[in-house]
Amino acid sequence: RQSKPSAHLNVVGQGPMERVLRRLARRLGFGESVTFHGFLARGALDRLWTTSTLFVHLPVYEGMPTTVLEAMAHGLPVLVTDAPGTREIVQDGVDGRVVPIGRPDVAAKAMAAALDEPRANLRMAKAARRRVEADHDWGRLADEMLAVYAKARAEFDRGHGRSADR
C-alpha cells in the first residue's frame, strides 16, 4: 500500500478466512483500498476480470487452480505461489509470476513490481492466454478424460472376461 497508494484489492469468494481478512484489512487501515465481494455471479465476475490489472492467488496447496486458468484465459497477468497445482500451470516470467510459499514480503514486492511493468504484464498475459487455449481447453480435456475412462473400462472388462461392447 505504501508503494502503490492508488492500488485497489478486490477479494472474491467466501470461506472461513473472510471474517479474519476483513478484520485484518480494517486493523491495517486499508479501508477503502480493499473490497470484499464474497460470492460473485458469473456476470459480475466477468466484469471484474475485464477491469482488473493483476490476478493474485497465493495458496499453500492447490489442486487444479481453475481460478488461475480463468484469469489467464481472460488475459490477466497472474501472480501465484510455487504451490503444487499452480507450479504446473504458471511458468515464472513467461506466463506469470511465481513467488515462494509463505513469503508475503516477496509477494508484496512482486505485486508492486507487476503494477510498474505494464509491458511485461501484457507479454505474460498474452502468453498465458495462449497457454490456456492450447493446454487447458475444457472440451479437449473432457474428451481426453472420457478416453482415459473408456480405456480403463476396456482393460477392466478384458481382465474380468467381459466383452467391452456390453
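Both backbone and side-chain heavy atoms feed into the values below; hydrogens, waters and symmetry mates do not. Not measured: the values here are computed from a predicted model.
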Q. Linking I/L/V/M/F/W/Y whenever their side-chain heavy atoms sit closer than 4.5 Å, directly or via other members, would L58 and L115 fall into one cluster?
A. no
(Q) What I'd like to find out is whether the side chain of F36 reaches to under 4.5 Å of the side chain of L21, using heavy atoms alone. (A) yes
**Q.** Non-hydrogen side-chain atoms of E88 and M64 separated by less than 4.5 Å
**A.** no
Q: Any chance you could measure E18, atom CD, to R22, atom CZ, to the nearest 0.5 Å?
A: 4.5 Å
Q) Could you walk me through whether H8 and E32 pass the side chain to side chain contact (heavy atoms under 4.5 Å, CB included) check? A) CA-CA 8 Å; H8 188 87; E32 301 297 316; 5.9 Å; no
Q: Quick one: pull up CG in D135 and CZ in R130 and give me the separation to the nearest 0.5 Å.
A: 12.0 Å
Q) F55 vs W49 aromatic rings, parallel, tilted or perpendicular, using cut-offs 30° and 60°? A) tilted
Q: Please report the closest heavy-atom contact between V60 and A83, naming both atoms and the distance.
A: O-CB, 3.4 Å
(Q) Going by side chain to side chain donor-acceptor pair (under 3.5 Å), name the residues that satisfy it together with R26, two or more places apart in sequence or in a different chain. (A) none
**Q.** Pairs meeting criterion salt bridge (Lys or Arg N to Asp or Glu O under 4.0 Å) with involvement of residues 44-57, two or more places apart
**A.** R42-D46
Q. Which atom pair, heavy atoms only, marks the closest approach of L54 to A114?
A. CD2-CB, 3.8 Å
Q | Distance, nearest 0.5 Å, that separates OG of S33 from CG of L28 | A | 11.0 Å
**Q.** By side chain to side chain donor-acceptor pair (under 3.5 Å) - contacts of H57 (at least two apart)
**A.** E62
Q) Should V98 and M124 be regarded as members of a common hydrophobic cluster, given that ILVMFWY residues are connected when their side-chain heavy atoms come within less than 4.5 Å of each other, either directly or indirectly? A) no
Q: State, to 0.1 Å, how close A125 and P77 come at their nearest heavy-atom pair, and which atoms those are.
A: CB-N, 3.8 Å
Q: List for me each residue that meets side chain to side chain donor-acceptor pair (under 3.5 Å) alongside E133, sequence neighbours excluded, and say none if there are none.
A: R129
Q) Which is it for T35 and V11 under the side chain to side chain contact (heavy atoms under 4.5 Å, CB included) test, yes or no, and what are the steps along the way? A) CA-CA 6 Å; T35 301; V11 180; over 6 Å; no
Q: Locate the shortest heavy-atom distance separating T81 from P100; write the atom from each residue and the value.
A: CG2-O, 4.1 Å
Q.
Do V94 and L122 sit in one hydrophobic cluster, given that two such residues count as connected whenever their side-chain heavy atoms are within less than 4.5 Å of each other, even indirectly?
A. no
Q | Any donor-acceptor N/O pair, E155 side chain to A152 backbone, under 3.5 Å | A | no
Q: Could you point out which residue of V78, V80, N121 forms a side chain to side chain contact (heavy atoms under 4.5 Å, CB included) with R97?
A: N121
Q: Check M111 against L79 and note the closest heavy-atom contact, atom names and distance.
A: CG-CD2, 3.3 Å
Q: Please assess L48 against H37 for the test side chain to side chain contact (heavy atoms under 4.5 Å, CB included), listing each intermediate value before the final yes or no.
A: CA-CA 10 Å; L48 192 57; H37 295 275; 4.2 Å; yes
Q: Give every residue pair that meets the side-chain hydrogen bond (donor to acceptor under 3.5 Å, both in side chains) criterion with at least one member in residues 99-111, sequence neighbours excluded.
A: R103-D105
Q: Determine whether L9 and F30 fall in the same hydrophobic cluster, where Ile, Leu, Val, Met, Phe, Trp and Tyr are linked whenever their side-chain heavy atoms lie under 4.5 Å apart.
A: yes
Q. Between V90 and G96, which heavy-atom pair has the shortest distance, and what is it?
A. CG1-CA, 3.7 Å
Q. Quick one: are M17 and V20 in side-chain contact, heavy atoms under 4.5 Å?
A. yes
Q: Just do the side chain to side chain contact (heavy atoms under 4.5 Å, CB included) check on I89 and L69 with the steps written out, would you?
A: CA-CA 8 Å; I89 292 174; L69 292 171; 3.7 Å; yes
Q: Could you tell me which residues satisfy side chain to side chain donor-acceptor pair (under 3.5 Å) with D92, sequence neighbours excluded, listed by chain and number?
A: none
Q) If two hydrophobic side chains count as joined below 4.5 Å and joins carry through other members, does L24 share a cluster with V34? A) yes
